[in-house]
Asks: 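Below is one structure. I have some questions about it.
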Amino acid sequence: MVKNLLKKIISNEYNTDFDILTPPDPKMGDYSVNLAFILAKKEKKNPKELSEELAAKFSKSNELSRYFGKIEAVGGFVNFYISNDFLRSQLLKILEQGENFGSGEKKNYKINLEFVSANPTGPLTVHNVRAAPYGDALASILKKSGYDVTKEYYINDAGNQVRLLGESVARRYLRLKGKTIDFPDNLYQGEYIIDIAKEVEKDGLVDQIENFDELVLVCKDYALKKLTSLIIGSLKRLGVEFDVWFSEEKLYETGEAETTLRILDKGKHVYEKDGAKWLKIDNSGERDAVLVKSDGAYSYLMGDIAYTRNKFMRGFNKAVNIWGADHHGDVLRLMTGVKFLNYEDEALDVLLHQLISIKVGGETKRMSKRKGELVIFDELLEEVGGDVIRFFFLMKDLNTHMEFDIDLAKKQSNKNPVYYVQYAFARLNSILAKSKEQRAKSKNFENLELLKEKEEFLLMRSLVKFPELVEEISKNYQVHHLAQYSFSLASVFHNFYEKHKVIQDDKNLERARLELCRATATILKTTLSLMGISAPERMDGKESEGA
RNA sequence: GAACCAGUAGCUCAGCUGGAUAGAGCAUCGGCCUUCUAAGCCGAGGGUCACAGGUUCAAAUCCUGUCUGGUUCGCCA
């Protein structure tokens with residue numbers, strides 16, 4: 001990784017903080033160092049002169065000349081140009097390593113990544129699916145970086161909400177049976193409840209049950225099973241699969257919640273007030289939160305703390321949660337609870353994604369599972385497809401308050417930028433398929449020296465940046481940079497494609513360009529696969545407008 | 001009243017965590033297919049980076065304040 005090396009080499013000589021930047025234009029080099037500005041202040045010198053001195057000095061370094069062909073001062077910056085030799089050597093590396101290019105060393109570090117975890121009280125909505133492609137891609141990137149990653153879904157199958165779910169189904173069932181029974185507003189109003197009730201009726205499972213509470217319980221279990229498998233199915237169709245589906249109920253059955261509470265209590269972090277047990281967050285008392293309710297039931301927070309502890313007990317070094325921003329108030333509470341259990345602050349990361357506002361028919365919808373006002377994810381998936389949805393979410397920062405116009409998304413799905421990336425891959429594939437020597441992995445790479453066009457170098461430069469990107473995302477979790485990168489790589493390739501022929505009379509040049517294409521296809525396919533997006537070998541004909 | 005996140009082109013969003021002339025897609029207008037796929041390429045128009053101060057060699061980016069929007073402040077989950 002050139003960036004790290006550069007930083008190391010300069011740091012060895014200058015004991016000061018500085019940044020390695022990317023110049024605004026590739027013409028200005030691959031990396032830029034602002035060292036002169038920083039030294040100028042310390043030594044009270046002119047930054048421009050200093051940068052020239054630095055450039056002259058760096059140019060003489062043998063170590064740097066292994067990577068850089070040119071080092072020059074521009075307006076106070078020192079700009080570094082990766083040498084052509086080094087670019088070609090990296091091209092070779094890509095061809096040799098294939099999809100392993102950019103992979104990090106095994107780190108022997110276990111990460112538990114929890115995301116989506118939508119309540120099993122209804123079908124998956126467009127709303128709660130935002131974290132799915134993001135978390136899935138993050139897991140892939142972390143794995144590529146050498147971490148051991150487990151993807152996990154926390155099923156909130158305990159507490160009052162699922163009891164209400166059971167009651168909703170039970171009352172619908174009784175109505176189907178011809179009983180007059182009211183259906184209060186606080187129950188789940190959605191159509192899917194009636195569907196489940198119909199299945200309960202068809203099943204005949206509850207025919208003998210007279211006691212209402214017992215009926216509710218059986219309906220609850222039935223509905224939970226049904227809805228969970230519905231959610232699993234929806235996610236699967238999007239291509240997202242979890243390693244572990246963790247039941248909240250388990251924490252109470254095994255007594256883990258109780259144990260966790262005892263540890264907190266022992267550490268004097270718990271006190272009683274109004275018949276409930278509270279977690280002491282700070283001295284003001286204002287932020288304190290209930291762990292055990294006055295009726296003896298555990299709170300959601302208690303479950304979450306016990307759940308996080310459970311992850312560490314299972315041997316994970318780090319837990320990463322992706323939550324919707326509506327839970328931001330819970331972050332401090334969970335963090336505090338986990339800290340009181342004596343785990344390091346860094347052991348838990350909570351990423352928040354902002355909520356999506358959804359527009360249907362020009363109107364912004366507020367979604368509520370209780371009220372049954374849902375934009376069901378499956379319906380969208382069927383219309384626009386998984387690749388489009390994934391890329392749409394993956395391109396944006398988690399902090400973006402997205403506006404998702406469903407009608408527009410359907411209408412414009414054939415203009416989604418994902419096709420731009422996939423099309424680049426299809427074009428590459430077409431070239432490789434056409435060339436006679438495509439699979440002849442001859443080790444004669446000497447022709448690479450024939451690559452000297454501007455577009456060829458731009459392509460190589462983009463390819464070389466890939467490992468740095470993977471490493472950076474594994475640290476800052478900015479998954480959308482990968483989507484942005486894939487788009488820009490596709491763009492650089494399309495430009496190359498328009499300007500230069502690969503298959504041609506000059507067979508030596510053709511061979512060299514084929515290698516460049518193979519390397520590009522490899523990286524493009526790797527990025528797509530990290531994002532969980534398909535890499536089609538062909539894309540025929542344009543979809544008709546407004547179909 | 002408090003907390004978190006945001007406000008960048010007509011629309012949807014990037015802007016690599018303080019750097020060089022603020023970018024892309026869509027939309028609008030104009031050009032490019034006898035040659036590896038035109039789901040592509042080239043060009044044009046479109047910006048007081050919400051506003052006001054501050055920090056410094058340098059601010060869309062950091063700090064403070066104001067305005068606007070989303071979310072949350074329950075012994076719901």
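Heavy atoms only: backbone and side chains are in, while hydrogens, waters and symmetry mates are out.
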Asks: Could you tell me which nucleotide pairs with B:C41 by Watson-Crick or G-U wobble geometry, both distances under 3.5 Å, or answer none if nothing does?
Replies: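 Pairing partner: B:G31.
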
Asks: Between B:G23 and B:C32, how far is it from one P atom to the other, in whole Å?
Replies: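 Approximately 28 Å lies between the P atom of B:G23 and that of B:C32.
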
Asks: Check this one for me: any side-chain N or O of A:Lys293 less than 4.0 Å away from OP1 or OP2 of B:A77?
Replies: yes

Asks: Think A:Asn399 has a side-chain N or O under 4.0 angstrom from the OP1 or OP2 of B:A6?
Replies: yes

Asks: Could you pick out which residue, A:Lys501 or A:His401, lies toward the 5' side of RNA chain B when each is mapped onto its nearest nucleotide?
Replies: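 The 5'-side residue here is A:His401.
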
Asks: Phosphate oxygens OP1/OP2 of B:C42: is one of them under 4.0 Å from a side-chain N or O of A:Asn495?
Replies: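 Yes, within the criterion.
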
Asks: Rounding to an integer number of angstrom, what distance separates B:C36 and B:U21 when you compare their P atoms?
Replies: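 To the nearest whole Å, 42 Å.
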
Asks: At less than 4.0 Å, is any side-chain N or O atom of A:Arg513 found next to OP1 or OP2 of B:C36? Yes or no.
Replies: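 No, because none of the side-chain N or O atoms of A:Arg513 sits under 4.0 Å from OP1 or OP2 of B:C36.
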
Asks: In whole angstrom, give the distance that lies between atom NE2 of A:His327 and atom C1' of B:U72.
Replies: 10 Å

Asks: Expressed as a whole number of Å, how far does the C1' atom of B:C49 sit from that of B:U8?
Replies: 4 Å

Asks: Kindly say if A:Lys415 contacts the phosphate of B:A27, meaning a side-chain N or O under 4.0 Å from OP1 or OP2.
Replies: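 Yes, within the criterion.
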
Asks: Is the distance from OP1 or OP2 of B:C41 to the nearest side-chain N or O of A:Tyr420 less than 4.0 Å?
Replies: yes

Asks: Determine the interatomic distance between P on B:U66 and the same-named atom on B:A24; round to the nearest Å.
Replies: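 The same atom, P, in both gives a distance of 37 Å.
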
Asks: Expressed in angstrom and rounded to an integer, what is the separation of A:Asp387 atom CG from B:A39 atom P?
Replies: 18 Å

Asks: I'd like the C1' distance from B:C16 over to B:U55, given in whole Å.
Replies: 24 Å

Asks: Looking at A:Glu286, I'd like to know if its CD atom is crowded, meaning that more than 12 non-hydrogen atoms belonging to other residues, nucleotides or ligands lie closer than 6.0 Å.
Replies: no

Asks: In the strands shown, is B:A6 matched to any nucleotide by a Watson-Crick or G-U wobble pair with both distances under 3.5 Å, and which?
Replies: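 Paired with B:A6, as far as the under-3.5 Å criterion goes, is B:U68.
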
Asks: In whole Å, measure the gap between the C1' atoms of B:A2 and B:C62 for me.
Replies: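 Taking atom C1' in both B:A2 and B:C62, they lie 24 Å apart.
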
Asks: Should B:C4 be called syn or anti, with syn set as within 90° of 0?
Replies: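 Here B:C4 takes the anti form, which means its glycosidic angle is more than 90° from 0.
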
Asks: Is there a donor and acceptor pair, one atom on the side chain of A:His481 and one on the base of B:C16, closer than 3.5 Å?
Replies: no

Asks: Contact class for A:Gln412 vs. all strands (heavy atom < 4.0 Å): base, sugar-phosphate, or nothing?
Replies: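 Sugar-phosphate: the residue A:Gln412, judged by heavy atoms under 4.0 Å, touches backbone atoms but no base.
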
Asks: What's the verdict on salt bridge (charged side-chain N to carboxylate O under 4.0 Å, His left out) for A:Glu167 and A:Arg163, showing C-alpha distance, side-chain angles and the deciding distance?
Replies: CA-CA 6 Å; A:Glu167 187 175 338; A:Arg163 208 207 68 83; 2.5 Å; yes

Asks: On a whole-Å scale, what distance lies between the C1' atoms belonging to B:A27 and B:C33?
Replies: 24 Å

Asks: Answer yes or no: does a side-chain N or O of A:His480 lie under 4.0 Å from OP1 or OP2 of B:G15?
Replies: yes

Asks: Output the rounded distance in Å from CG (A:Leu352) to P (B:C4).
Replies: 12 Å

Asks: For A:Glu472, run the side chain to side chain donor-acceptor pair (under 3.5 Å) check against A:Gln478, A:Lys3, A:His481 and tell me which one passes.
Replies: A:Lys3

Asks: Please figure out whether A:Arg538 or A:Phe77 has its closest RNA chain B nucleotide nearer the 5' end.
Replies: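 Looking at the nearest nucleotide for each, A:Phe77 comes out on the 5' side.
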
Asks: For B:A20, does the base pair up with any side-chain atom of A:Ser32 as donor and acceptor (N or O, under 3.5 Å, distance only)?
Replies: yes

Asks: Would you measure the distance from the P atom in B:G1 across to the matching atom in B:A14 and give it in whole Å?
Replies: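 Rounded to whole Å, the distance is 31 Å.
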
Asks: What's the CD1-P distance between A:Ile305 and B:A77, to the nearest Å?
Replies: 14 Å

